[in-house]
Amino acid sequence: MILDWFTAPLQYGFMVKALWVSAFVGIVCAVLSCYITLKGWSLMGDAVSHAVVPGVVVAYALGIPFAVGAFLFGFGATVAIGYVKENTRLKEDAVIGVVFTGFFAFGLVLSTKIPSNIDLFHILFGNVLGISQGDIIQTLIAGLITLVVILLRRKDLLLFCFDPNHAKAIGLNTKLMYYTLLLVLALTTVTALQTAGIILVVAMLVTPGATAYLLSDRFDRMLAISVGTSLLSCILGVYLSYHLDVATGACIVVLLTLLFVAAMIFAPKYGLLSQLRLNKLYSQ
Amino acid sequence: MTQTLGITVDNISVTYNNARLALYDASCQVQPGTITGLVGPNGGGKSTLFKSIMGFLEPNQGRVSIDGLPIQQAQKRQLVAYVPQADEVDWNFPVSVWDVVMMGRYGYMNLLRIPSPKDRRLVRESLARVGMMDFCNRQIGELSGGQKKRAFLARALAQEAKIMLLDEPFTGVDVKTEKAIIDLLLQLRDAGHTILISTHDLASISTFCDRVILLNQTILASGKTEEVFTEENLAMTFGGLPIRGKGGKEERKKVIGNR
Ligand SMILES: Nc1ncnc2c1ncn2[C@@H]1O[C@H](COP(=O)(O)OP(=O)(O)OP(=O)(O)O)[C@@H](O)[C@H]1O
Ligand SMILES: [Mg+2]
């Protein structure tokens, strides 16, 4: 019975595709999410994901790969955010709020005015069950670049998140690291677009890392836990989405959130229960 | 160009975003092979001066050079180490004490930052020198204030930099540890290192600082400890002279110039 639940959908090619694409996306997002949560860039992730909309519309209108348009606009938005922040007295969260909603709204206007056959609903909520071959290739390329860049620069990026001043003090180029991190953020967003959809990409960029952060004091372990929870959620999410006929992104994110809540309650060191237990111990 | 070793701070002014001048027209020299104490009241600009020297802040005017080099080049050559004031660090970060000290070695490693046996040995030695070997597997936040200070001191040691900047290494540190750190600094100086250290522990200054810089918004005096570190000058630095009013600096300079 249970086995059927897992094996029956596999007779469809689109399900097999959706499963492994989602698993791949889950891994890429989980790796990056560790850096994003530690750096405190969750809002930036939200910004990038919304800012890609006009890029996607323009790309379809011009007939170029959607990933190229999405990447350019996503990365462009982060550069714009950096510029506005440097040159005004506004706090970062206000700048991010202004810039990404501007991009997003512009994208919505474009999508209704530029004649194209893109389905706004699919951009917003993802459509991994109906993903095309071309989209898979773009997803793979963006994801692989991200993984390779992070793998090669992982120690430096971690140092940059932890102590950018020390990175500077030992002569590392922190500007370059800043842009590297933004670059992989934009690429990862592109990777996850088809699976999670714009609205929910940020969950895939933040929740696995946040869950893992509650469960571990070491970065390597945090990375492993993040990838584990993300993979589990992505694979189960695709099945749920198929059986319940619900948007895949939504299923994945619900699972990710459930795992987060479980970690929040049961985490051995930082969980609510263990803190309660400690408090009790001392109040006796 | 004059040949200058040590640190040369040339006419630096720094304004933060809130448009308040934190430091103006600051010029000073840190002589090579000495321990120089940086003394001034809270908000006097000590940390700001450190950050300007390290290039973390872009001063509105002025220049800093280290051994005659622009700061970035000096940093690429691992000439300068910096031990931050404790409030600048995210203590919840998932790294161990060992990891943090190893970060002192990144500048010597290849692009993948894979530690060599020498890197490991130096990390071990640095931890041992500050008496932190027993804590090397602790998460960085699971330390007392004094232990945190020592961990970051170990990172600076591991970096093997000729010049070390320490921002208030003694706050929240017990007498024994302070003594141990001072001994370590003296050893480093005798081995030829140059050290600039800010502290509020005025009592210990004359026991280990060769030179002193007095700072309150600008450099009020600098020179040999016995000449500069006088009650009169200290009263000036910490005392009630107008700080930002017109002519305040001139007024203070006049008084201090008479020393
Ligand atoms: N990030 C900042 N933004 C705005 N103003 C700042 C900032 N950091 C410091 N200041 C201001 O600059 C001045 C100098 O501060 P600084 O931290 O250099 O003092 P300090 O001598 O290190 O003080 P303490 O002994 O308390 O460490 C103060 O008036 C402070 O309020
Ligand atoms: Mg300070």
Side-chain angles (χ1 to χ4, degrees), chain A residues 33-35 37-41 85-92 95 148-177 180 209-226 267-270, chain B residues 16-19 50-51 53-58 71-85 88-96 98-100 102-115 137-142 152 155-156 158-161 163-165 167:
Chain A
S33 78
C34 291
Y35 293 91
T37 38
L38 290 176
K39 186 75 190 155
W41 271 11
K85 196 187 147 215
E86 287 283 301
N87 292 289
T88 63
R89 59 194 297 266
L90 287 170
K91 294 218 174 65
E92 185 166 42
V95 177
V148 169
V149 170
I150 294 186
L151 193 73
L152 290 180
R153 312 303 294 143
R154 51 191 272 268
K155 297 254 179 99
D156 286 23
L157 288 174
L158 190 66
L159 171 58
F160 173 64
C161 294
F162 174 56
D163 193 347
N165 278 350
H166 178 69
K168 242 187 185 155
I170 60 175
L172 305 184
N173 186 342
T174 45
K175 253 230 155 89
L176 185 70
M177 289 181 209
T180 306
T211 306
Y213 183 60
L214 294 180
L215 292 169
S216 174
D217 273 340
R218 288 296 175 282
F219 185 74
D220 291 342
R221 231 170 295 159
M222 178 176 167
L223 201 61
I225 295 172
S226 176
K269 200 156 149 194
Y270 302 114
Chain B
Y16 284 104
N17 287 340
N18 55 8
F50 277 126
K51 286 175 192 164
I53 293 175
M54 293 303 290
F56 304 155
L57 290 172
E58 199 59 45
I71 178 67
Q72 268 154 337
Q73 283 186 38
Q75 286 167 336
K76 283 216 175 83
R77 296 180 195 187
Q78 307 300 323
L79 288 182
V80 212
Y82 167 72
V83 180
Q85 211 170 337
E88 294 166 25
V89 176
D90 174 6
W91 297 110
N92 287 318
F93 210 87
V95 286
S96 68
W98 176 275
D99 296 336
V100 169
M102 189 58 90
M103 287 172 182
R105 299 295 306 162
Y106 280 15
Y108 297 98
M109 298 180 193
N110 63 15
L111 273 183
L112 289 177
R113 316 289 178 212
I114 298 168
N137 285 322
R138 291 262 186 106
Q139 189 263 333
I140 187 70
E142 299 173 337
F152 278 81
R155 181 174 75 178
Q159 201 186 328
E160 292 188 297
I163 297 173
M164 286 172 75
L165 309 187
D167 199 355

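Residue numbers start from 1 in every chain, and the chains themselves are labelled A, B, ... in the order their sequence lines are given, proteins ahead of strands.
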>> Could you check whether atom CD of Gln72(B) has more than 12 heavy atoms from other residues, nucleotides or ligands sitting under 6.0 Å from it?
In response: no
Using side-chain heavy atoms (C-beta onward) and a distance below 4.5 Å, is [X] in contact with [Y]?
X	Y	answer
Met103(B)	Phe162(A)	yes
Pro84(B)	Asn165(A)	no
Leu38(A)	Asp90(B)	no
Cys161(A)	Phe93(B)	yes
His166(A)	Met54(B)	no

> Any donor-acceptor pair under 3.5 Å linking the side chain of Arg153(A) with the backbone of Leu112(B)?
Replying inline: no
> Any donor and acceptor pair, going by atom type alone, linking the side chain of Gln78(B) with main-chain N or O of Ile170(A) inside 3.5 Å?
Replying inline: yes
With only heavy atoms counted, which part of [X] is less than 4.5 Å from chain A, the side chain, the backbone, both or neither?
X	result
Val80(B)	backbone
Gln73(B)	neither
Arg105(B)	neither
Arg155(B)	side chain
Gln139(B)	both

> What closest approach, in Å, do Ser216(A) and Pro94(B) show between heavy atoms, and which atom pair accounts for it?
Replying inline: O-CB, 4.3 Å
> Between atom CE of Met102(B) and atom CG of Leu159(A), what is the distance when rounded to the nearest 0.5 Å?
Replying inline: 13.0 Å
Let's test your reading of the structure: which of [options] forms the most heavy-atom pairs below 4.5 Å with chain B?
options	answer
Arg221(A), Arg218(A), Arg154(A)	Arg218(A)
Leu172(A), Leu152(A), Asp156(A)	Asp156(A)
Asp220(A), Leu151(A), Leu158(A)	Leu158(A)

>> Shorter than 4.5 Å, heavy atoms on both sides: which option in Gly107(B), Ala156(B), Ser96(B) has the most such pairs with chain A?
In response: Ser96(B)
> Checking heavy atoms, do the side chain of Asp217(A), its backbone, both or neither come under 4.5 Å from chain B?
Replying inline: both
> Quick one: do Lys155(A) and Asp99(B) make a salt bridge, cutoff under 4.0 Å?
Replying inline: no
